[in-house]
Amino acid sequence: MEWVVLATIFFAMMILLIFLLPGIIGAPYVPSEQKDLETAFTKLRKIGKKDFVVDLGAGDGIVLKAAAAHGAKALGVEINPILTIWTRFQLRKIENAQIKCGDMYKFELPSETTIVYAYANNFTIPRLFKRTQDEAKRLGKTLYLISNAFDQKDIKPKKHIDPYYLYEIKP
Ligand SMILES: C[S@@+](CC[C@H](N)C(=O)[O-])C[C@H]1O[C@@H](n2cnc3c(N)ncnc32)[C@H](O)[C@@H]1O
């Protein structure tokens, strides 16, 4: 009986770690709000069929669903394997949205990428900003970074509509 209790505690701690660690190395799992996403994809940067949105740290896929509903292709990268499986299941009937399990700091953006979406924090945004700059250089194209709630200090956004900051990142 004792081993059952120990196994349960171990299992519960593993689940807790899987959800806590990304919060420490990146950003905790807090989804964007649907109404904010409508603002982002209509007023901040109108998106459509020609767009390819990449969500760095995709969580439950709410951003991917919103982007796909506007006709864009959407791809998310998420480090939490449990969230990835759950989100993949939710996206199974949406043709133009998918999620991969991986580290957003190392993720190579597909060449079709037009918009990078991030909902991170004050410590993480500079790293994601730099990553997007490096990827814009590698791909040789301009990328738009939409950051939810956090701005990149010392860089003037192309547009700001609460809670979003839009940056144009040239190669
Ligand atoms: C604030 S949530 C945002 C979720 C989603 N982008 C949204 O706006 O609804 C941040 C997400 O990033 C994930 N995350 C944290 N560090 C990561 C990393 N290094 N690579 C990939 N995902 C990461 C977390 O697990 C969490 O789901």
Side-chain angles (χ1 to χ4, degrees), residues 12-47 51-70 72-92 94 96-110 113-136 138 143-153 157 159-167 169:
M13 284 180 73
M14 290 306 288
I15 303 272
L16 200 68
L17 262 185
I18 286 173
F19 276 85
L20 281 182
L21 270 182
I24 296 164
I25 59 166
Y29 167 51
V30 181
S32 294
E33 290 195 24
Q34 186 65 48
K35 67 170 174 42
D36 291 338
L37 286 166
E38 274 312 301
T39 306
F41 294 150
T42 56
K43 293 182 182 146
L44 185 84
R45 168 65 163 76
K46 191 169 167 49
I47 66 164
D51 285 301
F52 190 112
V53 178
V54 175
D55 186 10
L56 297 177
D60 62 9
I62 188 168
V63 177
L64 306 177
K65 283 185 228 162
H70 282 272
K73 280 192 187 154
L75 172 65
V77 57
E78 170 57 54
I79 206 163
N80 180 330
I82 297 173
L83 265 179
T84 305
I85 291 168
W86 170 237
T87 302
R88 192 168 289 151
F89 176 74
Q90 289 192 81
L91 297 176
R92 70 196 179 286
I94 305 176
N96 46 341
Q98 47 168 310
I99 186 162
K100 291 184 176 171
C101 192
D103 184 356
M104 62 190 178
Y105 300 122
K106 295 182 183 149
F107 187 68
E108 290 205 342
L109 300 177
T113 308
T114 54
I115 295 168
V116 176
Y117 184 99
Y119 185 9
N121 59 38
N122 270 328
F123 305 104
T124 312
I125 274 298
R127 245 180 117 181
L128 294 181
F129 193 91
K130 168 86 173 58
R131 179 76 193 152
T132 310
Q133 278 179 323
D134 291 346
E135 286 294 274
R138 182 180 66 82
L143 297 171
Y144 289 89
L145 172 67
I146 296 179
S147 173
N148 187 354
F150 300 94
D151 63 332
Q152 169 66 32
K153 306 289 174 223
K159 212 166 174 183
H160 169 52
I161 303 178
D162 243 2
Y164 289 108
Y165 300 87
L166 174 73
Y167 296 96
I169 300 183

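In this chain, numbering begins with 1 at the start of the sequence shown. First listed ligand is number 1; within each ligand, the first listed atom is number 1.
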N/O separation below 3.5 Å, [X] to ligand 1:
{"X": "Y119", "result": "no"}
{"X": "N80", "result": "no"}
{"X": "I79", "result": "yes"}

Residue pair N96, I94: steps toward the side-chain contact (heavy atoms from CB on, under 4.5 Å) verdict: CA-CA 6 Å; N96 46 341; I94 305 176; 3.6 Å; yes
Are T84 and R88 close enough, and set up right, to give a side-chain contact (heavy atoms from CB on, under 4.5 Å), and what steps lead you there? CA-CA 6 Å; T84 305; R88 192 168 289 151; 3.7 Å; yes
Nearest to atom 5 (C) of ligand 1 by heavy atom, G57, A149, A27: which? G57
Below 4.0 Å from ligand 1: does a non-hydrogen atom of [X] turn up there or not?
{"X": "P28", "value": "yes"}
{"X": "G102", "value": "yes"}
{"X": "D55", "value": "yes"}
{"X": "F107", "value": "no"}

Would you find a donor on one side and an acceptor on the other, under 3.5 Å apart, between the side chain of [X] and the backbone of [Y]?
{"X": "R45", "Y": "K159", "value": "no"}
{"X": "Q98", "Y": "L75", "value": "no"}
{"X": "R92", "Y": "F89", "value": "yes"}
{"X": "T113", "Y": "F52", "value": "no"}

For [X], take its heavy atoms, then give the atoms of ligand 1 lying under 4.0 Å from any of them.
{"X": "G59", "answer": "4 (C), 27 (O)"}
{"X": "I62", "answer": "9 (O)"}
{"X": "Y117", "answer": "8 (O)"}
{"X": "Y105", "answer": "19 (N)"}
{"X": "P31", "answer": "9 (O)"}

Side chain, backbone, both or neither: [X] near ligand 1, heavy atoms under 4.0 Å:
{"X": "A120", "value": "neither"}
{"X": "L83", "value": "side chain"}
{"X": "D103", "value": "both"}

What is the distance from atom CG of L37 to atom CD1 of I146, rounded to the nearest 0.5 Å? 9.0 Å
Begin from the C-alpha positions of E78 and T87 and carry the test side-chain contact (heavy atoms from CB on, under 4.5 Å) through to its verdict. CA-CA 10 Å; E78 170 57 54; T87 302; over 6 Å; no
What residue and atom, counting heavy atoms only, is the protein's closest point to [atom], and at what distance?
{"atom": "atom 27 (O) of ligand 1", "result": "E78 OE1, 2.8 Å"}
{"atom": "atom 18 (C) of ligand 1", "result": "M104 CG, 3.5 Å"}
{"atom": "atom 8 (O) of ligand 1", "result": "S32 OG, 2.5 Å"}

Heavy atoms of A120 and L128 approach each other most closely as CB-CD1, 4.0 Å
Over all atoms of both residues, closest heavy-atom pair of V77 and D103: CG2-N, 4.2 Å
Look at the aromatic rings of F41 and H70 and report parallel, tilted or perpendicular, splitting at 30° and 60°. perpendicular
Report yes or no: do T132 and Y167 form a side-chain donor-acceptor pair below 3.5 Å? no
